[in-house]
Amino acid sequence: MPRFYINVRNGMGYSHDAEGRDLPDLETARNEALEGARELMAAELREGRTLRLSDTVEIEDADRRQLLILPFREAVRIEN
């Protein structure tokens, strides 16, 4: 199974995934990254902080090559 690293770049800095995760494919890694973004945004809201939809989750492969950059805005649907 391929290894993926899911890093976060947000207003608090850069969180480097040192261990990575073995996941079946990039689509699964993408879904994990989006779920992680949702959890981080929920934690910020509980603490009364403003969301930054331009923060990103970055996925790298086992060789640490960047595969995807996902803005937090892709993790939510904003309705009026």
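Quick caveat: nothing in here was measured; it's all calculated off a predicted structure. Hydrogens, waters and symmetry mates play no part in the numbers below; they use all other heavy atoms, side chains included.
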* pair Leu68-Arg30: side-chain heavy atoms closer than 4.5 Å -> yes
* **Worked check of side-chain contact (heavy atoms from CB on, under 4.5 Å) between Asp55 and Val8** => CA-CA 8 Å; Asp55 291 350; Val8 177; 5.9 Å; no
* May I ask you to say whether Arg21 pairs ionically with Glu19, meaning some side-chain N is under 4.0 Å from a carboxylate O? => no
* Over all heavy atoms of both residues, which pair between Ile59 and Phe4 is shortest? Give the atoms and the distance, please. => CG2-CD2, 4.0 Å
For a quick test of your reading: what N or O donor-acceptor pairs under 3.5 Å do the side chains of residues 34-45 make, sequence neighbours left out?
| unit_1 | atom_1 | unit_2 | atom_2 | d |
| --- | --- | --- | --- | --- |
| Arg38 | NE | Ala75 | O | 2.6 |
| Arg38 | NH2 | Ala75 | O | 3.2 |
| Glu44 | OE2 | Arg52 | NH2 | 3.1 |

* side-chain hydrogen bond (donor to acceptor under 3.5 Å, both in side chains) partners of Thr28, counting only residues at least two apart -> Asp25
* Check whether any side-chain heavy atom of Val76 sits under 4.5 Å from a side-chain heavy atom of Leu53, and report yes or no. => yes
* To do: Answer yes or no: is there a donor N or O on one side and an acceptor on the other, between the side chain of Arg3 and the main chain of Gly20, under 3.5 Å?
  => yes
* **Heavy-atom closest pair, residues Ala33 and Leu70** => CB-CD1, 4.0 Å
* Asked: Salt-bridged, Arg65 to Glu60, with N to O below 4.0 Å?
  -> no
* Locate the shortest heavy-atom distance separating Asp17 from Ile6; write the atom from each residue and the value. => OD2-N, 3.0 Å
* Side-chain H-bond candidate by donor/acceptor type, Arg64 with His16, under 3.5 Å -> yes
* Asked: Between Thr56 and Pro71, which heavy-atom pair has the shortest distance, and what is it?
  -> CG2-CA, 4.0 Å
